[in-house]
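All chains are named by letter (A, B, ...) in the order of the sequence lines, taking the proteins before the strands, and each is independently numbered beginning at 1.
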Protein chains: 4
Amino acid sequence: MKRARTEEAKDARRQVLLDAALDEFFERGFTAARTHDIAERAGLSKGTLYLYFDSKEALFSELIESLTSPNLARIDEIAATSPSALDAIDRFTGFASHLVRTSDLPRLMKVLIGDSQHFPETMKRYREEVLERVLGAIGSVLEAAKSRGEIVVGDPHLTARLVIAPVLFSGIWQAMFGADPKAQVDLEALFGEHARLLRRGMETADVRDGDHA
Amino acid sequence: MKRARTEEAKDARRQVLLDAALDEFFERGFTAARTHDIAERAGLSKGTLYLYFDSKEALFSELIESLTSPNLARIDEIAATSPSALDAIDRFTGFASHLVRTSDLPRLMKVLIGDSQHFPETMKRYREEVLERVLGAIGSVLEAAKSRGEIVVGDPHLTARLVIAPVLFSGIWQAMFGADPKAQVDLEALFGEHARLLRRGMETADVRDGDHA
Amino acid sequence: MKRARTEEAKDARRQVLLDAALDEFFERGFTAARTHDIAERAGLSKGTLYLYFDSKEALFSELIESLTSPNLARIDEIAATSPSALDAIDRFTGFASHLVRTSDLPRLMKVLIGDSQHFPETMKRYREEVLERVLGAIGSVLEAAKSRGEIVVGDPHLTARLVIAPVLFSGIWQAMFGADPKAQVDLEALFGEHARLLRRGMETADVRDGDHA
Amino acid sequence: MKRARTEEAKDARRQVLLDAALDEFFERGFTAARTHDIAERAGLSKGTLYLYFDSKEALFSELIESLTSPNLARIDEIAATSPSALDAIDRFTGFASHLVRTSDLPRLMKVLIGDSQHFPETMKRYREEVLERVLGAIGSVLEAAKSRGEIVVGDPHLTARLVIAPVLFSGIWQAMFGADPKAQVDLEALFGEHARLLRRGMETADVRDGDHA
DNA sequence: TATGAATGAGTCTTCATTCAT
DNA sequence: GATGAATGAAGACTCATTCAT
């Protein structure tokens with residue numbers, strides 16, 4: 001393989017290795033994945049992998065890190081800029097649908113679930129910095145809306161989990177059965193129906209009266 | 001360890017090994033789990049494990065099998081005996097809440113997701129015989145209710161996934177973070193709210209009029 | 001290879017491995033020695049070695065330990081029971097000659113010198129518990145004799161090093177060139193001459209007068 | 001690093017690498033020493049090392065060679081110019097003390113002993129061309145003195161080993177424990193006492209009579 | 001000449017499986 | 001039936017050496 005002399009070339013190499021790593025970790029799990037296969041899939045030799053990452057564990061951690069950070073900003077942004085809770089929920093589910101359908105998120109989810117035991121610290125951080133942050137953002141939106149009498153819900157922070165649940169469900173489904181044509185799901189329709197049910201489920205009688213008026 | 005001479009004694013041994021196997025497979029994943037540890041946790045020696053199971057893979061397969069079959073009947077029964085879709089949903093979520101809180105289901109889910117790659121056939125069968133059967137049962141209930149004008153939903157079979165999603169979500173959460181006191185979730189409240197939202201989300205305007213009348 | 005079920009059989013296995021380890025460590029040095037070769041030389045498989053020792057390092061440490069302890073008692077005994085310093089020196093050199101000619105000491109010395117860097121702690125302990133103990137014992141004998149006017153020496157504890165030096169020299173020579181017939185040395189004669197020179201070098205004028213009277 | 005264009009500049013590079021090599025080989029042994037570290041210690045890159053030496057082994061061999069040759073001439077000179085055997089011994093031990101205290105000899109000795117196995121030919125040549133030459137020179141001096149009735153010794157060539165032994169002992173001690181302040185030895189005093197003991201041990205009764213007359 | 005990225009053979013160690021006891 | 005000692009295949013990681021730049 002040609003040599004990566006510049007910083008950019010090296011970053012590209014890192015990325016190729018991270019991509020290959022996700023493939024292998026997803027397909028086989030952390031323990032069963034072989035560094036040799038990761039390197040080979042990246043078109044490099046085993047030794048080269050170790051020029052870029054200290055160990056298989058470090059590779060794993062950096063992979064999680066690299067896939068995790070990007071979307072957080074977007075979540076915060078949606079929470080901050082949505083005029084109403086119902087609107088925020090539409091946008092959340094739309095964004096989630098997009099992520100599940102086109103990003104590495106589903107495969108990442110599978111990997112995280114399967115290998116959580118190896119990286120309790122990483123998982124704890126992931127839960128606190130990603131999951132609970134997302135749940136918190138959604139929960140706050142619902143809470144504010146509830147206090148404004150805009151929606152009718154029980155505990156907004158529990159409800160946030162119900163908003164998110166179909167994302168996880170779809171992601172896992174996609175990751176595990178996505179390869180089988182018979183297991184395809186129309187995710188846009190699914191998230192559309194999810195948004196609709198949430199909307200109706202949370203809307204106040206007033207709104208509803210108007211609704212069917 | 002004493003010898004198991006009767007058939008019952010042998011079945012008991014098998015069960016002890018299966019229990020130990022779930023613990024280890026859950027805690028470490030299929031590849032990282034060691035037969036030695038499974039045997040030890042079962043209070044037996046490594047060699048004995050091989051008297052009862054042909055291999056680590058066979059042990060895994062039989063474990064999945066043994067945990068998978070039981071609850072199916074109950075699902076069918078709920079679907080068959082519920083007077084209305086809304087009632088069925090209450091009972092489904094109640095049952096699900098119970099399963100997630102008290103059965104091995106959450107740990108099984110984690111294991112299945114994490115090690116799916118090793119057993120594509122098992123996973124396919126699990127999807128077809130368990131997941132799609134459950135989804136199908138729920139979907140049929142919704143479909144019937146819809147055709148009777150009892151509820152308002154889009155595709156009933158997509159909607160079934162929304163009914164199930166929080167079960168998966170909670171199960172995974174439970175399995176992954178259940179050990180951390182700071183990550184506890186009030187599952188009864190969660191499923192209660194889920195049932196409430198679904199109810200309101202699907203109910204017809206008529207019902208609702210009566211609701212707030 | 002047959003199985004070692006009893007404790008004695010296991011101890012024998014350990015000893016066979018230790019013997020093989022000394023051979024390999026001596027011939028190749030710690031780093032270059034391969035666990036595979038040690039096991040093979042012991043007539044066992046690679047994996048079996050790890051049933052008896054935690055690691056290559058542990059094997060090395062236990063080897064040193066096992067070869068080091070035995071002779072200490074004998075040294076102390078000689079120091080304690082010799083009627084005179086000159087007599088003690090005869091017996092020390094006789095014992096040393098014996099060790100260098102027939103025991104594993106020369107090969108151990110070579111190993112210790114060559115791989116000291118890997119085991120600074122072990123080496124420090126070896127110096128303190130073996131070397132300085134031997135030097136101390138000899139030094140004390142000389143010191144007592146000197147204070148009784150029995151011998152003429154400078155610092156008795158420096159002199160102890162001169163008593164020991166030919167042992168090290170011969171041991172190393174033996175270990176490094178012992179295989180070559182052209183490098184053979186008559187060790188008995190060598191140590192005899194050493195004893196004679198020391199005797200004459202340390203004896204008082206009085207003794208000497210009598211000597212040639 | 002700047003390029004070495006002239007022959008002198010290249011020789012300087014070689015020497016820097018040899019110095020660095022001695023450090024690393026001494027500290028870690030041949031097998032464990034890394035070419036990377038040697039180059040780095042020399043302020044050069046790994047690749048450059050291979051411009052100057054064919055391989056790690058060649059570097060090692062040339063290192064031994066370069067450290068071995070120098071002092072031979074001095075040995076021959078002492079043997080040739082000393083008026084008497086007893087005088088020659090004084091001068092040998094003085095020179096040895098100097099070497100052990102200030103030259104690379106102790107570290108070289110450690111390296112040679114530790115890694116002898118890798119270079120049987122080098123070791124054989126070293127034994128023949130250095131050790132036995134030194135022993136031969138000393139032995140011849142003693143032999144001549146003995147035949148002149150100047151000293152009383154057994155086999156002069158065995159005795160030569162006794163003359164040399166404390167040099168090896170001190171060298172090894174220095175190399176292995178020299179870093180620890182608690183293991184310091186007053187080498188001048190040691191070699192002084194050595195010379196004194198040899199002198200008295202070998203001198204004839206006549207001399208001694210004069211001695212104490 | 002000098003560099004250091006790339007390579008892959010080589011080594012320690014683990015662990016599923018076998019089988020003598 | 002039960003045991004655990006023995007085996008050896010497999011995998012993470014290192015490092016001498018090469019060679020494109």
Novice: Just N and O in the side chain of Thr48(D): are any of them under 4.0 Å from OP1 or OP2 of dA2(E)?
Specialist: no
Novice: Do Arg28(C) and Arg34(C) pass the side chain to side chain contact (heavy atoms under 4.5 Å, CB included) test, and can you show the C-alpha distance, the side-chain angles, and the key distance before you say yes or no?
Specialist: CA-CA 9 Å; Arg28(C) 316 181 55 100; Arg34(C) 279 166 283 161; 3.7 Å; yes
Novice: What is the distance from CZ of Phe60(D) to P of dA16(F), rounded to the nearest Å?
Specialist: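 Rounding to the nearest Å, CZ of Phe60(D) and P of dA16(F) are 14 Å apart.
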Novice: Respond yes when some side-chain nitrogen or oxygen of Tyr52(A) is under 4.0 Å from OP1 or OP2 of dA5(E), and no when none is.
Specialist: no
Novice: Round to the nearest Å and state the distance from Leu59(C) atom CG to dT11(E) atom P.
Specialist: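 So the two atoms are 17 Å apart, to the nearest Å.
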Novice: Please determine whether side chain to side chain contact (heavy atoms under 4.5 Å, CB included) holds for the pair Gln117(C) and Asp115(C), giving the CA-CA distance in whole Å, both sets of side-chain angles, and the decisive distance to 0.1 Å.
Specialist: CA-CA 5 Å; Gln117(C) 66 278 156; Asp115(C) 294 304; 3.8 Å; yes
Novice: Kindly compute the distance separating CG (Leu67(C)) from OH (Tyr126(C)), expressed to the nearest 0.5 Å.
Specialist: 9.0 Å
Novice: Check each of Arg107(D), Arg41(D), Lys110(D) against Glu27(D) using the side-chain hydrogen bond (donor to acceptor under 3.5 Å, both in side chains) test, and report the only one that passes.
Specialist: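 The option that passes is Arg41(D).
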Novice: Find which nucleotide of DNA chain F each of Leu44(B) and Leu49(C) is nearest to by heavy atoms, and output the residue with the more 5' nucleotide.
Specialist: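 The 5'-side residue here is Leu44(B).
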Novice: Decide, yes or no, whether a salt bridge links Glu65(A) with Arg125(A) under the criterion of side-chain N to carboxylate O below 4.0 Å.
Specialist: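 Between Arg125(A) and Glu65(A) there is a salt bridge, with a charged N closer than 4.0 Å to a carboxylate O.
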Novice: For DNA chain E, what dot-bracket results from Watson-Crick or G-U pairs at under 3.5 Å, with [ ] for crossers and | for inter-strand partners?
Specialist: .||||||||||||||||||||
Novice: Taking CD from Glu40(D) and P from dA16(F), how many angstroms apart are they, rounded to a whole number?
Specialist: 13 Å
Novice: Which ones in residues 17-29 of chain A lie close to DNA chain E, meaning a heavy atom under 4.0 Å from one of its atoms?
Specialist: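 Result for residues 17-29 of chain A: none.
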Novice: Would you mind building the protein contact string for nucleotides 16-21 of chain E? One character per nucleotide, 5' to 3', B for base within reach (heavy atoms under 4.0 Å), S for sugar-phosphate only, - for untouched.
Specialist: SBBBBS
Novice: Is there a side chain to side chain contact (heavy atoms under 4.5 Å, CB included) between Leu59(A) and Leu18(A) once you walk through the steps?
Specialist: CA-CA 7 Å; Leu59(A) 175 56; Leu18(A) 288 170; 3.8 Å; yes
Novice: So how far is it from Phe26(B) CZ to Ser116(A) OG, rounded to the nearest 0.5 Å?
Specialist: 7.0 Å
Novice: Quick check on DNA chain F: between Leu51(B) and Gly43(C), whose nearest nucleotide comes earlier from the 5' end?
Specialist: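 Upstream on the strand: Leu51(B).
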Novice: Supply the atom-to-atom distance Met109(B) CE to Ile172(B) CD1, rounded to the nearest 0.5 angstrom.
Specialist: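 It is 4.0 Å, given to the nearest 0.5 Å.
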Novice: Give the ring-plane orientation class for Phe60(D) versus Phe25(D), where under 30° counts as parallel, over 60° as perpendicular and anything between as tilted.
Specialist: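 Because their plane-to-plane angle is over 60°, the rings of Phe60(D) and Phe25(D) count as perpendicular.
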Novice: As an exercise, state the distance from NZ of Lys46(C) to CD of Glu40(C), rounded to the nearest 0.5 Å.
Specialist: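 Answer rounded to 0.5 Å: 10.5 Å.
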Novice: So, OP1 or OP2 of dT1(E): does either fall under 4.0 Å of a side-chain N or O from Arg13(D)?
Specialist: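 Result: no.
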Novice: Over how many whole Å does the gap from Lys10(A) atom NZ to dT3(E) atom C1' extend?
Specialist: 11 Å
Novice: Please determine if Lys10(C) forms a cation-pi arrangement with Tyr52(C), meaning its NZ or CZ atom is less than 6.0 Å from the six-membered ring centre and no more than 45° off the ring axis.
Specialist: no
